[in-house]
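Chain naming here is simple, since letters A, B, ... match the order of the sequence lines and numbering starts at 1 in each.
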Amino acid sequence: MPEGHVTHRLAIGFTERLAGAPVRSTSPQGRFAEEAGEVDGHLLDAAEAYGKNLFVHFGDRAVHVHLGLAGKLAFVGDDGGGAARPITGAIRWRVENERGYADLRGPQACKLVDDAGIRSITDPLGPDPLREDADPEVGWARVRRSATPIGLLLMDQRISAGVGNIFRAEVLYRHRIDPMMQGRLLRRKEWDAIWTDLVGLMHDAVRKGRIDTVRPEHDPVAMGRAPRVDRHGGEVYVYRRADQACLVCATPVRTTTLGGRNLFWCPSCQRTSRRRVPAARG
DNA sequence: CCGGCATGGCAAA
DNA sequence: TTGCCCTGCCGGA
């Protein structure tokens, strides 16, 4: 479930449902028991997202959550406290008040940290398209001098924090860029367009709780065909659509492994092989 | 029923 | 580059 839009959505959910009052903090599974106990009964100030990291603030400390690949955090809100709150499966962290509760399962990280700990996590992060303080120049500075494929660079949290496998595949498709093209061959205008698009797509995903990237003119539903909504819940061009027809040109979508992750692209729409622009003289 | 896979990231080799 | 971790879900037997 976890690209940046999920984390930001969770931060909003935490703040709306559980902030501003003391919470009960436990670890039914036990692996977070000691630290959960340290903030049990404490005031939950707010939750904040930075890329794929979630910080749940308690005074000068915070619980740092990173969902990783398998993690899930579910809110069960507004049960009024009267209903049973069953313990099913491995619940690393349960946070609750009289209104409702949240269960965290299978996170890659769940740890109580202080200010220095927070900084050590956020300092290396690049601009997050979902944050007001994001400076895309920081990402561009790395991209423009890198021989690494742009398909890998976009997954690099130092370049664009919060972007994951779906957004990387989809934004490259939308800009017709070959994922294997070296970062240094990307044009400034292209980076600007990619960044602006990420800001829009990711905010949209925060609002809707799903990733939709297909433009209206290519939308199967609008064109009278069946939706192709993926298990992740959104309507996409190429992500996890290997061998299926490209929505625009009908060429079979290709897939390969890049950096240990599955990459998807349309070999026809995404052809940006180009010569390196000669350096300006003088 | 069970193995593999997943929107991630780390360490080891 | 590979393996491993976390957990739940899905597809194939």
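Judged as a side-chain hydrogen bond (donor to acceptor under 3.5 Å, both in side chains), and not counting sequence neighbours, A:T255 has no contacts. Not a single salt bridge (charged side-chain N to carboxylate O under 4.0 Å, His left out) links A:E35 to another residue, sequence neighbours left out. In terms of the side chain to side chain contact (heavy atoms under 4.5 Å, CB included) criterion, residue partners of A:A33 (sequence neighbours excluded) are, by chain and number, A:S27. By the side-chain hydrogen bond (donor to acceptor under 3.5 Å, both in side chains) test, A:H175 is found to be paired with A:D197, residues two or more places apart in sequence or in another chain being considered. Residues that satisfy the side-chain hydrogen bond (donor to acceptor under 3.5 Å, both in side chains) test with A:R188, not counting sequence neighbours, are A:E137, A:D192.
Listed by first and then second residue, the side-chain hydrogen bond (donor to acceptor under 3.5 Å, both in side chains) pairs involving residues 55-64 of chain A are A:E38-A:R61, A:E48-A:H57, A:N53-A:H64 (not counting sequence neighbours).
The interatomic distance linking A:L198 (CG) with B:dT7 (P) rounds to 17 Å, in whole Å. At whole-Å resolution of the value, OH in A:Y239 and C1' in B:dA6 are 7 Å apart. Taking atom CZ of A:R240 as the reference point, atom C1' of B:dA6 lies 7 Å away to the nearest angstrom. Taking atom CZ of residue A:R241 and atom P of nucleotide B:dT7, one finds them 16 Å apart after rounding to whole Å. B:dG8 atom C1' lies 20 Å from atom CZ of A:R105, rounded to whole Å. Computed from coordinates, the A:L154 CG to B:dT7 C1' distance equals 15 Å when rounded to whole Å.
Note that the first and last nucleotides of DNA chain C, 5' to 3', having any atom under 4.0 angstrom from a heavy atom of chain A are C:dC6 to C:dC10.
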Review item, side-chain donor-acceptor pairs of residues 210-224 of chain A, under 3.5 Å, at least two apart:
unit_1, atom_1, unit_2, atom_2, d
A:R210, NE, A:D212, OD1, 3.3
A:R210, NE, A:D212, OD2, 2.9
A:R210, NE, A:G233, O, 2.9
A:R210, NH1, A:G233, O, 3.4
A:R210, NH2, A:D212, OD1, 2.8
A:R210, NH2, A:D212, OD2, 3.4
A:D212, OD1, A:E235, N, 2.7
A:D212, OD2, A:K208, NZ, 3.0
A:T213, OG1, A:E170, OE1, 2.5
A:R215, NH2, A:R174, O, 3.4
A:H218, ND1, A:Y237, OH, 2.6
A:D219, OD2, A:A222, N, 3.4

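Using cut-offs of 30° and 60° for the angle between ring planes, the A:F14 and A:W93 rings count as parallel.
Taken residue by residue, residues 251-264 of chain A places heavy atoms nearer than 4.0 Å to DNA chain B at A:R261, A:N262.
Applying the 4.0 Å criterion to OP1 and OP2 of B:dG9, one finds that A:H66 has a side-chain N or O inside that range.
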